[in-house]
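In the text below, chain A, chain B and the rest are named by the order of the sequence lines, each starting its count at 1. What you see is a predicted model; the values in this text were computed from it and never measured. Hydrogens, waters and symmetry mates are skipped; everything else that's a heavy atom, side chains included, is used.
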There are 2 protein chains.
Amino acid sequence: MEKSQPEHLKNAGLKSTLPRLKILDLFTSGQDRHKSAEDVYKQLLASGDDVGLATVYRVLTQFEHAGLLVRHYFEGGKSVFELNEGKHHDHIVCLQCGHVEEFYDTTIESRQKKVAAELGFAVHDHSLHIYADCIKTKCPHKPKGV
Amino acid sequence: MEKSQPEHLKNAGLKSTLPRLKILDLFTSGQDRHKSAEDVYKQLLASGDDVGLATVYRVLTQFEHAGLLVRHYFEGGKSVFELNEGKHHDHIVCLQCGHVEEFYDTTIESRQKKVAAELGFAVHDHSLHIYADCIKTKCPHKPKGV
DNA sequence: ATTGCAAATGAGAACGATTATCGTTTGCGT
DNA sequence: ACGCAAACGATAATCGTTCTCATTTGCAAT
């Protein structure tokens, strides 16, 4: 059976405080999987929750360490977080509208491991970002400040 | 026959000024392919050239736009530049020492195009960064402030 | 329910990388 | 050699993020 939010926090060794619950809710119930710290902060303010920006950053980082969220470094210098649902995937970002789509390709994954091994590296992590334009009818997504 | 540095600048529509020549030289004759703005700045100061940090940033960006350099956004929030020699490649970054190694894998490249096409995207560009540890005897590279 | 205290928070200062401003200098065509 | 737009250097400003520290809060023991 699914765990409740407070339980998720408990498991992660984190007190279940108001800000933390609010932020976790944003990710589990929000529609946009990918949020920057600023996004989270604004969404909290918009819903009348008075959390400090510092807390947002702190909590996001804690959630990342706890494995609840995954952090991505997209171009432009700001980090973006998304719910960690166990299954690794890469991202393709539309340069026109900023929309992010996820994909997973076993061939790419295995080749990466292979290449790294050949070069004598022990892979920690990797990030593959494809920057592209949504062609055809796929770009109805409004630019969100990109 | 090879072009001279001033010609490279001319071609790019840039006046050949002292700072620009110095910076271009660093990349064409330096040993470390990958340099941050700070790296460039320090190397210039070290060789007695008195350029401003602002100029370094400006010139690097101009060179990027002119296609002379390629900019990479690695984790850690600072951009790294390298000479653009036409041949695309990806990077594997050692998390211990910050050393960057390059690789190119045709399988990965073609799978990327394929995946993007299937999702209805026209690829502009992509970045694949593998973050890892140099294992075995491969990590003699001194940490350079990472 | 009340209390106590460590953990968490919020406001704002601090920070590192980068960009913008602006008065001075310089490359380069005349 | 001259003139002027382009480029420069110093420094202020900006942006995302982290740090500091006084205040507040979750929660376990009363």
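Side-chain atoms of Asn84(B) never come within 3.5 Å of backbone atoms of Val70(B) as a donor-acceptor pair (strictly under, hydrogens ignored).
The other residues sharing a hydrophobic cluster with Tyr57(A) are Leu9(A), Leu14(A), Leu21(A), Ile23(A), Leu24(A), Leu26(A), Phe27(A), Val40(A), Tyr41(A), Leu44(A), Leu45(A), Val51(A), Leu53(A), Val56(A), Val59(A), Leu60(A), Phe63(A), Leu68(A), Leu69(A), Phe81(A), Leu83(A), where clustering joins ILVMFWY side chains under 4.5 Å apart.
Rounded to an integer number of Å, the gap from CZ of Arg20(A) to P of dT9(C) is 5 Å. In this structure, the CG atom of Leu18(A) is 6 Å from the P atom of dG26(D), given to the nearest Å. Rounded to whole angstrom, the span from the CG atom of Leu9(A) across to the C1' atom of dT25(D) amounts to 15 Å. Residue Asp39(A) contributes atom CG, which lies 16 Å from atom P of dC15(D) at whole-angstrom precision. Taking atom CD of Glu38(B) as the reference point, atom P of dC15(C) lies 16 Å away to the nearest angstrom. Rounded to whole Å, atom P of dA10(D) lies 15 Å from atom OH of Tyr57(B). To the nearest angstrom, P of dG16(D) lies 18 Å from NZ of Lys35(A). Atom CD in Glu64(A) sits about 13 Å away from atom C1' in dT17(D), given to the nearest Å.
Between Ser16(A) and dG26(D) there is no side-chain N or O to OP1 or OP2 distance below 4.0 Å.
When each of Leu14(B) and Leu53(A) is assigned the nucleotide of DNA chain C with its nearest heavy atom, Leu53(A) is the one assigned upstream, toward the 5' end. Between Thr17(B) and Val80(B), the one whose closest nucleotide on DNA chain C sits nearer the 5' end is Val80(B). Residues Gly52(B) and Lys15(B) each lie close to DNA chain D; by heavy-atom proximity, the contact nearer the 5' end of the strand is made by Lys15(B).
Using a 4.0 Å heavy-atom cutoff across all strands shown, Thr55(B) reaches at least one base atom of the nucleic acid.
Taking only distance into account, the side chain of Arg58(B) meets the base of dG9(D) through a donor-acceptor pair shorter than 3.5 Å.
Using cut-offs of 30° and 60° for the angle between ring planes, the His72(B) and His89(B) rings count as tilted. The aromatic rings of Phe74(B) and His34(B) lie tilted to each other, with the angle between the two planes from 30° to 60°.
Taking the side chain of Ala54(A) as heavy atoms from C-beta on, and the options dT17(D), dT18(D), dC19(D), the nearest nucleotide is dC19(D). The Arg71(A) side chain lies nearest to dT18(D) when the options are dC19(D), dA7(D), dT18(D). Nearest nucleotide to the Lys78(B) side chain, out of dA10(D), dA7(C), dA17(C): dA17(C).
Checking each of His129(A), Glu101(A), Glu82(A) against His91(A) for a side chain to side chain donor-acceptor pair (under 3.5 Å) leaves exactly one that passes, namely Glu82(A).
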